[in-house]
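Since this is a predicted model, take the numbers as computed values, not measurements. As a basis for the values below, the full set of heavy atoms in this structure was taken, side chains included, without hydrogen atoms, waters or symmetry mates.
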Amino acid sequence: MSSPAAATIPTPTLDSQSPALLQSITSHGGYAFTRMATLAAAGDQRAAEAACEMAWEQLHSGPWHSVLPVWRDAYSMACLHVAKFHFSNGEFRDALRSLDLGIIMGGPLLRKDMDSAIEVVSAAKSRQYRNGVADDNKGRENVGARLLVHPQEFDKSEALRILPIRSLSSKIVAKRSILSLETFLCEFFLSGSPVIITDCMAHWPATTRWNDMDYLRRVAGDRTVPVEVGKNYLCSDWKQELITFSEFLERVQSNACRSKGPTYLAQHQLFDQINDLRKDISIPEYCYAGGGELRSLNAWFGPAGTVTPLHHDPHHNILAQVVGKKYVRLYSASCSEDLYPYSETMLHNSSQVDLDNIDEVEFPKAGDLDFIDCILEEGEMLYIPPKWWHYVRSLTTSFSVSFWWSSDSGSSVSV
Ligand SMILES: O=C(O)CCC(=O)C(=O)O
Ligand SMILES: [Fe+2]
C-alpha cells in the first residue's frame, strides 16, 4: 500500500459519481472491480492497477459495440486513479499515458476530470522541464530532421509509378480558389459533386506549425495515440498499437526502413484529445452547409505510402491537406454495385476491389467504371459528398484533417 504525497489531481466528478458508478458496475457482476476501485480510492496503487487491468479485459472481451458502456466508464475511473498515483510520485509521463488511455478507450462520464487532469500534469511536467530536471524526451531530438516533409521527399516520377492505372474515362476533380459558401452550396453541395478548394487554409496556425517536428514533439510528444501498422486495414497482418506521439514521429521519419508497412495515425479524434493541436485549425465554413451537425474531426497522419482502401462514409466530408500531398480517387455513389462491397456488416462500406492490383476475373465490372481523381496538394481541401467511394494514398509524409458533417438537406438523401 502506498499513500499519495501532497501533490494530487482534483477529480470532482470522480469523487461525486463514484458511489453510483460502482453500484452500477457491481450490478453488472463487477464485484472484484468495485473492491479494487474502493481500495484504490483509499490509497492503494496496486489495487488501482488491478482495477485498470480488470476493466481493460472487459473492453477486450468481445466486439467493441457489445462492450457495456458502464465498463468504459469503469476503465476511465481506474485510469484516473492510476494517473493520480503516478502524478503524486512525480511520474508525469506515466500519468499522461494513463489519462490518454482513459480518454481513448474509456467512457464519457469522467471526461471533464480527464481533461483537467491532463492540464495539471502537463503544467507540472513543463515546470519540471524548466527547472532542468531530466526529461525523457531530451536527446531524442533528431538534428537535421526538424521538417517533416523535406522538399526532396516528393519524387514525382516515383509517385506516378505507384499510382493505380488511370482509365481512359477518368477525369480530374474540379478545382476552385477561395470558394464562397454560397457558390459551394449551389454548384457542389446541392448536386453532390466533389471539388477541391484552394487558398482557404493559410490562416490556420497548423500550416506553419505541423511541418515542424520540434513543435509537434513539444505539444504532443508525451501523449499516447492509437496507430495502425500494416499495408491497410483489409490486410491480415494489419494491427493497431498504442504508442507515444514522439515514438510515432520517429517511425514517420524512418519509414523507409520499416518492413511491417507504414505506421498510420488514421481516423483518430486527435483534436478532441490534444487541445493545443485543436487550436491550430478552424472548422471550414463549408461544414455549415445543409444546416446539419458536425459529426467528427479526424486526424490522418503518416509517412509516404499509407493507403486507405476504397470505401465510402455516410457523411459530408471536407478533407483538409495540411502537410504533404495525397492521391485521391473517387467513384460516385451510383457505382456501388459494381465495386463489390463486402457483405459483412462491419465492412459493408468497403470495396473488395484492391485498386493497387485489380483482379479483373473476380471483379470484372470494376475496371471499366468512370472515376475522378486528383493529387490533393498541401493547403487544399477536398469536398467528398456522402457515400462517394474514395481511395487515398499518401505521396509524401502527410497530415490531413477530415471534417465530417451531416445535413438536413443536400445530396445525402438522394445518393
Ligand atoms: O486520408 C485518408 O487516408 C483517408 C481519408 C478518409 O477516408 C476520409 O476522410 O473519410
Ligand atoms: Fe473515408
Just by modelled atom types, is the Thr8 backbone N or O under 3.5 Å from a matching donor or acceptor in the Ser88 side chain?
no

Taking the side chain from Asp100 and the backbone from Thr224, do they hold a donor-acceptor pair closer than 3.5 Å?
yes

Looking at Asp94 and Arg97, does any basic side-chain N land under 4.0 Å from a carboxylate oxygen?
no

Contacts of Ser116 meeting side chain to side chain contact (heavy atoms under 4.5 Å, CB included) (sequence neighbours excluded), chain-then-number -> none

Check whether any side-chain heavy atom of Ser76 sits under 4.5 Å from a side-chain heavy atom of Met114, and report yes or no.
yes

Looking at CG of Leu382 and CH2 of Trp388, how far apart are the two atoms once the value is rounded to the nearest 0.5 Å?
10.5 Å

What's the verdict on side chain to side chain contact (heavy atoms under 4.5 Å, CB included) for Ile103 and Asp115, showing C-alpha distance, side-chain angles and the deciding distance?
CA-CA 8 Å; Ile103 287 175; Asp115 286 340; 3.9 Å; yes

Taking 4.0 angstrom as the limit, do Lys175 and Glu380 come out as a salt bridge?
yes

Name the residue from Lys387, His390, Arg295 that meets the side-chain hydrogen bond (donor to acceptor under 3.5 Å, both in side chains) definition with Asp313.
His390

Please confirm whether the backbone N or O of Glu119 pairs with a side-chain atom of Ser122, one donor and one acceptor, at under 3.5 Å?
no

Point-to-point distance, once rounded to the nearest 0.5 Å, from CG of Asn317 to SG of Cys287
8.5 Å

Looking at Leu179, is its backbone amide N or carbonyl O close enough to the side chain of Thr183 to form a donor-acceptor pair, meaning the two atoms are under 3.5 Å apart?
no

Given the rule in the side chain to side chain contact (heavy atoms under 4.5 Å, CB included) test, do His315 and Leu294 qualify, once you have shown the distances and angles that lead to the verdict?
CA-CA 9 Å; His315 304 303; Leu294 199 61; over 6 Å; no

Checking His316 against Ser406: is there a side-chain donor and acceptor pair closer than 3.5 Å?
no

N/O donor-acceptor pair under 3.5 Å between Gln17 side chain and Ala20 backbone
no

Using modelled atom types only, decide if a donor and an acceptor are shared between the side chain of Ser296 and the backbone of Asn298 within a distance under 3.5 Å.
no

Does the gap between the ring centers of Tyr383 and Tyr286 come in under 6.0 Å?
no

So, the side chain of Asp338 versus the backbone of Lys365: is there a donor-acceptor pair under 3.5 Å, distance only?
no

Evaluation steps, side chain to side chain donor-acceptor pair (under 3.5 Å), between Thr396 and Ser398:
CA-CA 6 Å; Thr396 62; Ser398 162; 5.6 Å; no

Any salt bridge between Arg176 and Glu187, counting N to O under 4.0 Å?
yes

Sole candidate of Trp210, Phe271, Phe248 that passes ring-ring contact (aromatic ring centres under 6.0 Å, His included) when paired with Phe301
Phe248

Side chains of Gln273 and Gln269, donor plus acceptor under 3.5 Å:
no

Atom CG in Leu347, atom OG in Ser343: separation rounded to 0.5 Å?
9.0 Å

Residue pair Ser336 / Ala333: nearest heavy atoms and the distance that separates them:
OG-O, 2.9 Å

Tell me yes or no: between the side chains of Thr306 and Ser394, is some donor less than 3.5 Å from an acceptor?
yes

Is it the case that the side chains of Ser246 and Thr244 hold a donor-acceptor pair, with the cut-off being a distance below 3.5 Å and no angle test?
no

Less than 3.5 Å apart, any donor N or O on the side chain of Lys84 or Thr11 sitting next to an acceptor on the other?
yes

Please determine whether salt bridge (charged side-chain N to carboxylate O under 4.0 Å, His left out) holds for the pair Arg217 and Asp214, giving the CA-CA distance in whole Å, both sets of side-chain angles, and the decisive distance to 0.1 Å.
CA-CA 5 Å; Arg217 217 187 263 117; Asp214 292 346; 3.5 Å; yes

So does Glu344 have more than 12 non-hydrogen atoms from other groups sitting under 6.0 Å from CD?
yes

Using atom types as modelled and distance alone, determine if a side-chain donor or acceptor of Ser177 lies under 3.5 Å from a backbone N or O of Asp199.
no

Taking the six-membered ring for Trp and the single ring otherwise, decide whether the centroids of Trp71 and Phe33 are under 6.0 Å apart.
yes

Looking only at atom types and distance, does a side-chain atom of His311 sit under 3.5 Å from a main-chain N or O of Pro309, one as donor and one as acceptor?
yes

Under a 4.0 Å threshold between the charged nitrogen and the carboxylate oxygen, would Lys125 count as salt-bridged to Asp222?
yes

Is there a donor-acceptor contact under 3.5 Å linking the side chains of Ser27 and Ser24?
no

Are Trp56 and Tyr75 close enough that their ring centers fall under 6.0 Å?
yes

So, Ser193 versus Ser191: side-chain donor-acceptor pair below 3.5 Å or not?
yes

Between CD1 on residue Ile375 and NZ on residue Lys326, distance to nearest 0.5 Å:
13.5 Å

Carboxylate-amine/guanidinium proximity below 4.0 Å for Lys239 and Glu241
yes

Would you tell me whether Tyr327 and Asp373 have side-chain atoms, one donor and one acceptor, within less than 3.5 Å of each other?
yes

Under-4.0 Å salt bridge between Lys279 and Asp276:
yes

For Tyr331, run the ring-ring contact (aromatic ring centres under 6.0 Å, His included) check against Tyr391, Tyr340, Trp389, Phe371 and tell me which one passes.
Phe371

